[in-house]
There are 2 protein chains.
Amino acid sequence: KTLNMAAETNGDEGANDEEDSILTILIATDCHLGYCDNDQIRGRDSLKTFEEILQLAQQREVDMILLGGDLFHDNKPSRKTLHGAMELLRQYCMGDRPCQMQILSDQSQHFPNTRGWGVNYEDPNYNIAMPVFSIHGNHDDPSGDGDLCALDFLSTANFINYFGKQTIVDDIKVSPILIQKGDAQVALYGLGNIRDERLHRTFVNKKVQMLKPTDEEGSWFNIFVLHQNRVKHGNTNYIPESFIPDFMDVVVWGHEHDSRIEMPGAEGHRPHILQPGSSVATSLSEGEALQKHVVVLSINAESQFKVEKLKLETVRPFIYQEVELNTIESLQSKKPDLVETHLAKLVAALIKQARKEFPKSDQLPLVRLKIEYTDFDSFNTQRFGQQFVGKVANPKDILIFYRKRKTVKAQVKQ
Amino acid sequence: KTLNMAAETNGDEGANDEEDSILTILIATDCHLGYCDNDQIRGRDSLKTFEEILQLAQQREVDMILLGGDLFHDNKPSRKTLHGAMELLRQYCMGDRPCQMQILSDQSQHFPNTRGWGVNYEDPNYNIAMPVFSIHGNHDDPSGDGDLCALDFLSTANFINYFGKQTIVDDIKVSPILIQKGDAQVALYGLGNIRDERLHRTFVNKKVQMLKPTDEEGSWFNIFVLHQNRVKHGNTNYIPESFIPDFMDVVVWGHEHDSRIEMPGAEGHRPHILQPGSSVATSLSEGEALQKHVVVLSINAESQFKVEKLKLETVRPFIYQEVELNTIESLQSKKPDLVETHLAKLVAALIKQARKEFPKSDQLPLVRLKIEYTDFDSFNTQRFGQQFVGKVANPKDILIFYRKRKTVKAQVKQ
Ligand SMILES: [Mn+2]
Ligand SMILES: [Mn+2]
Ligand SMILES: [Mn+2]
Ligand SMILES: [Mn+2]
């Protein structure tokens, strides 16, 4: 199934028919709208890149957008952020372009609302050009009176299709949205974020059931979207890949902010994991400094699929570097002034590097230096940053000091 | 202009044409959605009556709904309340029924959004059956970063048309929405709430300009909707009726919660003031105990108008009574027990009265006794209320004690 689809154009008229049976999905995740929205410099970064994502989807004329959770950074987004999200969705997702997909499954089980509203583009009162499907993440999960989340506003306004909500977390049945476009058939399994330990336990107890369509099973291309720790944090505080049912063809993994997208190939293993990563850096860590992407996934009538990585161009340049003071010859006198001067030069060089790496960007870069300072003294990093006001987006926290843990020979029993 | 319109039905075919030139507006105000939405008993009252209002508008097939502000009780409504409002608007305002009105004025000056979206029913991506127009009140006024209010969400979701926002409050130009239906022509002037003292001053400074349409002025029926104190609170803390320009035909006065609706008649003075009052009691005052209403205003091609008061049936029964302990013979021994027993009997009688007055209601009534208690002792009203748990909606605050101010002969200069 992981073979590439025939991409060559052949002049004959059958080509069109073939395209009518290719379902294209733009996949993005962790847009964290509203991340530091009170910051004078970075306040609109998340909305800006979300707009780029919607524009990419529009240009590509994808059949749908799939979001992997954490669309919003705050459980209760600020007025400005929620409003900004609605503006963008209205601008880019409404329109005349006909939706060519159909949903074959019972919609009442997918979309949590009490009024029987189904998928947004079937509502006769709306023209939806580009349907958005989203699960919730841990940042925008339902809570409080009415068990609502910010996605419920977008869903009731008919801007998105919010799915994957489970109310009982120790006995989970995921019923797929069965999507058909021409002869392409996709079963979309969604699971909004659940505390990792709880979901881990439910998996271990074999209480996570992925319901399968009853008709000829072989023809469905199975996608599973989830929003959980993929990286192991403790024994049960993550979801091992081995938990993913074998029949899944593609897993869309939300929550992990590093962009790590498996490309199909001979060595491709099952399931095929797509981890687009966040579209805005919400921490100044190494992983967030990786190039950020969204994915266009195409599936044809033979359940062959294609993965295309699209670079996000509006993301604020971010240069991350680690340095160990102990390894730098010229600093061995350990004079504090020397260290500060050295680091200031380093930051200036990184700013230059950012300009080179992102020649098109007109945004101040994020710069982060992580400094191993064993045997050195730290100093006031905020004061240090003042010389870079107007030169970096984060003058207050350019530097972070840490000490390597000493290697412990006798491991303490946990 | 205040003559009643010919209401008789005449069998001829011209009747239809005439109706095509009657613009009907359902007018409501101060719905205070979310008022005490954490109260177990009263929590959904505001949404319930708002639904009744939308149902009335739907049944009457009015051309539009006009809201006079304070649609929301809280500047930042709870998730449940905002979501509930959106659900109702989607359910009742979307649909195929064609809008027969047209807006002749430049829409970009009416609706505060940066994306050029005009009146909701003209957006080709939406089917709006019943357009809602609203100004903001003092409870849901724009504020904070982006100067947004809850109505902006509804507006961006295209559920309502939010108008009447003025950014400069000491030099106000109100540009009317010019609405035409057949030969009926209405100029709708809206002014969202401004602090009364400031607006009062702006009026005094002759800096409130009501712009007039440039073409043949005579044919426009002029409506002014505002949300201000009508009752005098201090010298400048209200808007005197004399400030209303003479050419206004009808004033829709929001903010005052008592339902006081002038019916047209021989003695009708100009301007004709419609004060629908709130649709939910937000205080247990005498005025809030009045029967609550909405209005259907109809305007024909000759600028004649008709006012119809519609009782709201879902409003929670509310019985208000005042009592002066000094005037009750049997209490003159002033034994505390006697007073409590007497008041408990009185409350029981009021509960019965509520049942009689509102035979159709299945809601626990609100009961308020305002007690003049000069020369008596007050007592714990919460403990008193416990005997009425399950019998009234407000057991904790049935009673309120007060003392009449002594008549002061020499008035203190203010
Ligand atoms: Mn995230
Ligand atoms: Mn997350
Ligand atoms: Mn009010
Ligand atoms: Mn008010």
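Since we're looking at a predicted model, the values are computed, not measured. Letters go in sequence order (proteins before strands), and every chain restarts at 1.
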Exercise. For the pair H136(B) and F72(B), evaluate side chain to side chain contact (heavy atoms under 4.5 Å, CB included) and give the outcome as yes or no after the intermediate values.
Key: CA-CA 9 Å; H136(B) 66 259; F72(B) 291 100; over 6 Å; no

Quiz prompt | Contacting region of S78(A) [heavy-atom separation from chain B under 4.5 Å] | solution = neither

Quiz item: Given that the side chain runs from C-beta out, which part of N158(A) has a heavy atom under 4.5 Å from chain B: side chain, backbone, both or neither?
Solution: both

Practice problem: Test M101(A) against L23(A) for side chain to side chain contact (heavy atoms under 4.5 Å, CB included), laying out the working first. | Solution: CA-CA 8 Å; M101(A) 1 179 292; L23(A) 182 78; 3.8 Å; yes

Quiz item: Using a distance-only test with no angle check, is there a side-chain donor-acceptor pair under 3.5 angstrom linking N138(B) and D141(B)?
Solution: no

Exercise. Give the member of G146(A), A150(A), C149(A), S155(A) that has the highest number of heavy-atom pairs under 4.5 Å with chain B.
Key: C149(A)

Self-check item: Top contributor to chain B contacts, counting heavy-atom pairs under 4.5 Å, from A129(A), G144(A), G95(A)
Solution: G95(A)

Heavy-atom distances under 4.5 Å only: say whether [X] touches chain A with side chain, backbone, both or neither.
X: R79(B); answer: both
X: N38(B); answer: side chain
X: T81(B); answer: neither
X: D147(B); answer: neither

Quiz item: For the candidates R90(B), K76(B), H83(B), which exhibits the highest count of non-hydrogen atom pairs separated by less than 4.5 Å from chain A?
Solution: R90(B)

Quiz item: What option among D152(B), T156(B), D145(B) has the most heavy-atom pairs under 4.5 Å with chain A?
Solution: T156(B)

Quiz item: Relative to the ring of H139(A), is the ring of H32(A) parallel (under 30°), tilted (30 to 60°) or perpendicular (over 60°)?
Solution: perpendicular

Quiz item: So F133(B) and F111(B), would you call those rings parallel, tilted or perpendicular, with 30° and 60° as cut-offs?
Solution: tilted

Quiz prompt | Under 3.5 Å donor-acceptor, N161(B) side chain and V119(B) backbone | solution = no

Self-check item: Least distance between heavy atoms, R316(A) atom then P365(A) atom
Solution: CG-CA, 4.5 Å

